[in-house]
S.K.: 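This is the structure I have questions about; it appears just below.
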Amino acid sequence: MRTLTGLPTARGFAIGPVFIYRGDGDVPVPEYLLEPGREGDELLRLKRARNEAVRDLEGLIAVMNERGGKAEAKIFDCHLMFLEDPMLAEETERRITVDRVNAESAVKQTIAGARAKFARMNDPYFRERVRDLDDVERRLLKALVGFASNPHLELRAPAIVVADDLTPSETVQLPRDFVLGFATNGGSTTSHVALLARAMGIPAVTGLGDITSVVRAGETVLLDGTSGVVTVSPDRETMLRFRDLVERPEALSEEVLSVGRRTAGTLRGEGEVPLFANVHPGVPFDDIRGQGARGIGLYRSEYLWLNAEREPTEDEQAAAYREAADFAATLSPMATVTIRALDIGGDKMMSVLSRQDAFRRESNPFLGNRSIRYLLSNPGVFRTQLKAVLRASAAGNVRLMYPMVSCIDELQASAEILEESKRELDREGVAYDRALKVGTMIEVPAAAVNAAAIARYADFFSIGTNDLIQYTMAADRGNEAVATLYQPTNPAILKLMRWTIAAAKKRGISVGVCGESAADPLVGVLWAAMGADTLSMSATYIPVISKLLSRLTRADLDDYLKAAESMGDGATGRAIMDRCRQWMLAHIPDFGNIAI
Ligand code: PEP
Ligand code: MG
């Protein structure tokens with residue numbers, strides 16, 4: 001039994017066999033246990049891949065010889081020898097037929113064994129052969145993956161997906177019904193696999209460092225997304241104890257859940273901070289129902305581009321946006337959906353757009369031509385999306401929002417394109433909401449610092465703390481190595497939050513928070529105390545925040561904020577967080593039971 005600790009990323013518990021999803025450059029290499037009876041097919045796949053790799057190598061050797069590169073040709077001769085080595089072949093096949101692992105896993109394990117043997121040898125010639133083995137492995141895996149119709153579909157039975165990291169597009173392609181949990185080497189609580197896991201209600205632990213080399217395909221793991229612990233090959237007693245947790249699907253008490261859902265952001269005494277859901281199109285909305293959401297506070301439209309072979313058309317987009325608006329209307333008659341324009345680039349590369357030159361050339365995509373910048377430099381894409389949003393707005397419950405805005409120029413330019421889009425719809429005789437509210441995300445420090453000016457060009461603000469913290473602290477939101485710097489309560493962040501909220505109030509526009517920090521019981525309440533009008537988060541986290549708010553009066557919130565801010569600019573983010581926890585424990589003795 002081994003235990004690994006990472007970041008608690010999406011609440012919940014899961015037990016299951018490991019499915020390793022390994023990205024090898026551009027080629028994802030899955031590792032899993034075969035279903036009984038599939039061994040024969042898998043041997044055939046291995047044989048075809050081996051033949052292809054041999055053919056490739058023979059071709060290379062012929063070219064080398066022709067060009068007079070005899071020394072290079074010899075290297076490939078050695079690769080050929082490895083590929084055709086009967087002992088290696090036999091061992092790989094045995095792993096498929098006896099251990100019942102898929103061909104990729106069998107190749108990896110066999111080559112790992114050979115690699116270890118060579119590395120132990122005294123003769124430097126043999127030690128050098130380790131590199132050749134790496135090359136042979138890569139060649140075989142590439143050929144194998146080419147023979148799998150779709151590696152994602154190989155996940156055919158419930159399993160815990162273990163990966164180095166997962167891109168948003170990889171995550172949404174995995175068959176939802178078979179993913180019991182996610183455990184990744186990299187990532188963090190605001191990385192995209194984290195947000196998707198939360199949206200899908202799947203437990204996840206990220207930032208585990210090196211879990212992909214610690215576990216083997218098929219091994220049993222216990223995944224605790226609530227405290228961030230993964231146990232590999234548990235003993236019987238640990239397994240039984242954990243099974244209890246899994247079988248109680250929510251470790252939250254039913255009482256917390258039902259009160260939280262019912263009150264949905266109502267404060268004790270007077271007032272409320274309505275709670276909204278963040279959604280990813282492609283992930284069913286159904287899980288939102290029953291969590292108490294007052295509407296959809298963030299619709300991440302970029303997920304419509306995920307894995308698409310082409311751009312979604314205006315009709316396709318309008319239908320998707322209308323579906324979200326119709327769904328929102330079922331939550332409550334006044335409920336709105338806030339559709340965010342395409343937030344692409346940086347950590348959110350989409351297959352269809354990443355192939356375009358503009359993205360390929362960037363050496364620093366987080367600071368590159370992303371989000372609103374991409375839209376403004378591709379007005380055709382922008383106009384199509386704006387027209388689709390307008391068309392979906394006819395019933396009056398849609399709001400539009402721009403991502404990654406840094407300065408007023410971007411809002412001015414966007415307003416012009418929006419006007420053009422409206423004129424086009426007028427000419428086409430298409431109805432839309434003429435009073436459509438248009439807001440902006442505040443997630444770039446420049447926009448927060450200059451929020452007063454930005455407020456003149458926006459009907460509302462939505463603060464994206466996921467990116468605001470990342471850019472202010474210069475700490476990648478998805479990199480576990482800098483997770484300690486990613487501090488929502490750092491005094492610098494608190495100042496920017498204060499500043500932004502004050503600017504919105506002064507201008508008389510609404511301000512919400514849609515970053516995942518809103519779902520953190522200590523932090524979400526802090527934003528409410530600062531004056532955020534609404535909080536939007538993964539729906540499954542709504543009942544907890546809601547239950548907490550129902551125990552606090554407006555005066556309590558003022559006192560809570562005072563306690564946090566009394567620490568001053570000289571305090572560390574952690575010290576302020578500790579102060580917040582102390583306050584909560586003093587005022588809500590069962591805080592620990594609510595805020596899990
Ligand atoms: C944010 O940055 O806080 C946000 C909500 O947007 P995303 O997580 O999609 O970047
Ligand atoms: Mg963002």
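Atoms within each ligand, like the ligands themselves, are counted from 1 in listed order.
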S.K.: Without hydrogens or angle criteria, can the side chains of N185 and T212 be said to hold a donor-acceptor pair below 3.5 Å?
M.R.: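 There is such a pair between these side chains.
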
S.K.: Would you indicate which of T465, I442, N466, T190 comes nearest to atom 4 (C) of ligand 1 when only heavy atoms are counted?
M.R.: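 Result: the heavy atom closest to atom 4 (C) of ligand 1 is in N466.
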
S.K.: With distance as the sole criterion, is a donor-acceptor pair present between the side chains of E516 and S538 under 3.5 Å?
M.R.: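 Checked: E516/S538 side chains pair up, N/O donor to acceptor below 3.5 Å.
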
S.K.: Pull out every atom of ligand 1 sitting under 4.0 Å from any heavy atom of M441, numbered as shown with elements.
M.R.: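 Under 4.0 Å from M441, ligand 1 has these atoms: 4 (C), 5 (C), 6 (O).
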
S.K.: Between L468 and ligand 1, which part of the residue brings a heavy atom under 4.0 Å of the ligand: side chain, backbone, both or neither?
M.R.: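 None of L468 does.
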
S.K.: Heavy-atom contact under 4.0 Å between Q470 and ligand 1?
M.R.: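 Checking ligand 1 against Q470, which is what was asked, there is no heavy-atom contact under 4.0 Å.
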
S.K.: Using the side chain to side chain donor-acceptor pair (under 3.5 Å) rule, collect all pairs that involve residues 444-458, keeping only residues at least two apart or in two chains.
M.R.: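 Residue pairs passing side chain to side chain donor-acceptor pair (under 3.5 Å), neighbours aside: Q412-Y457.
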
S.K.: Do T184 and D165 have side-chain N/O donor and acceptor atoms under 3.5 Å apart?
M.R.: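 Their side chains do not contain a donor-acceptor pair, so the 3.5 Å distance test is not met.
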
S.K.: Tell me which one of E302, R340, M537, H280 gets a heavy atom nearest to atom 6 (O) of ligand 1.
M.R.: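 Result: the heavy atom closest to atom 6 (O) of ligand 1 is in R340.
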
S.K.: Quick check: does E516 get an N/O under 3.5 Å from an N/O on ligand 1?
M.R.: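 Among all N and O atoms of E516, none is under 3.5 Å from an N or O of ligand 1.
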
S.K.: Counting from 1, what ligand 1 atoms have a heavy atom of L195 closer than 4.0 Å?
M.R.: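 Listed by number with element: 8 (O).
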
S.K.: When you check the gap from the basic side-chain N to the acidic O, do D569 and K495 get nearer than 4.0 Å?
M.R.: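 Yes, charged N to carboxylate O under 4.0 Å.
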
S.K.: Are D433 and R399 within salt-bridge range, i.e. N to O under 4.0 Å?
M.R.: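 Judged by the 4.0 Å cut-off on N to carboxylate O distance, D433 and R399 do not form a salt bridge.
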
S.K.: Numbering the atoms of ligand 1 from 1, which are under 4.0 Å from a heavy atom of C514?
M.R.: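 Every atom of ligand 1 under 4.0 Å from some heavy atom of C514: 5 (C).
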
S.K.: Considering only heavy atoms of D343, which atoms of ligand 1 have at least one such atom less than 4.0 Å away?
M.R.: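 The list of qualifying atoms is 10 (O).
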
S.K.: Is the shortest side-chain heavy-atom distance between R554 and L557 below 4.5 Å?
M.R.: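 Side-chain contact under 4.5 Å: yes.
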
S.K.: Would you give the angle at the Mg ion (ligand 2) between D467 atom OD2 and E443 atom OE1, to the nearest 10°?
M.R.: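 Result: 100°, to 10°.
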
S.K.: Between ligand 1 and N278, can you find any atom pair, the residue atom being a heavy atom, that is separated by under 4.0 Å?
M.R.: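 No.
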
S.K.: With sequence neighbours left out, what residues match A388 under side chain to side chain contact (heavy atoms under 4.5 Å, CB included)?
M.R.: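 Per chain and number, A388 pairs via side chain to side chain contact (heavy atoms under 4.5 Å, CB included) with E314, Q317, A318, Y321.
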
S.K.: At a 4.0 Å threshold, what atoms of ligand 1 neighbour a non-hydrogen atom of G464?
M.R.: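 Once the distances to G464 are compared, the set is 1 (C), 2 (O), 3 (O).
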
S.K.: Would you mind running through ligand 1 and noting each atom that sits below 4.0 Å from a heavy atom of L298?
M.R.: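 Selected atoms, number and element: 5 (C).
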
S.K.: Check ligand 1 against E443 and write out every atom of the ligand that is under 4.0 Å from a heavy-atom position of the residue.
M.R.: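 Those qualifying, in numeric order: 1 (C), 2 (O), 6 (O).
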
S.K.: Any chance the side chains of S371 and D343 put a donor and an acceptor closer than 3.5 Å?
M.R.: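 Short answer, yes.
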
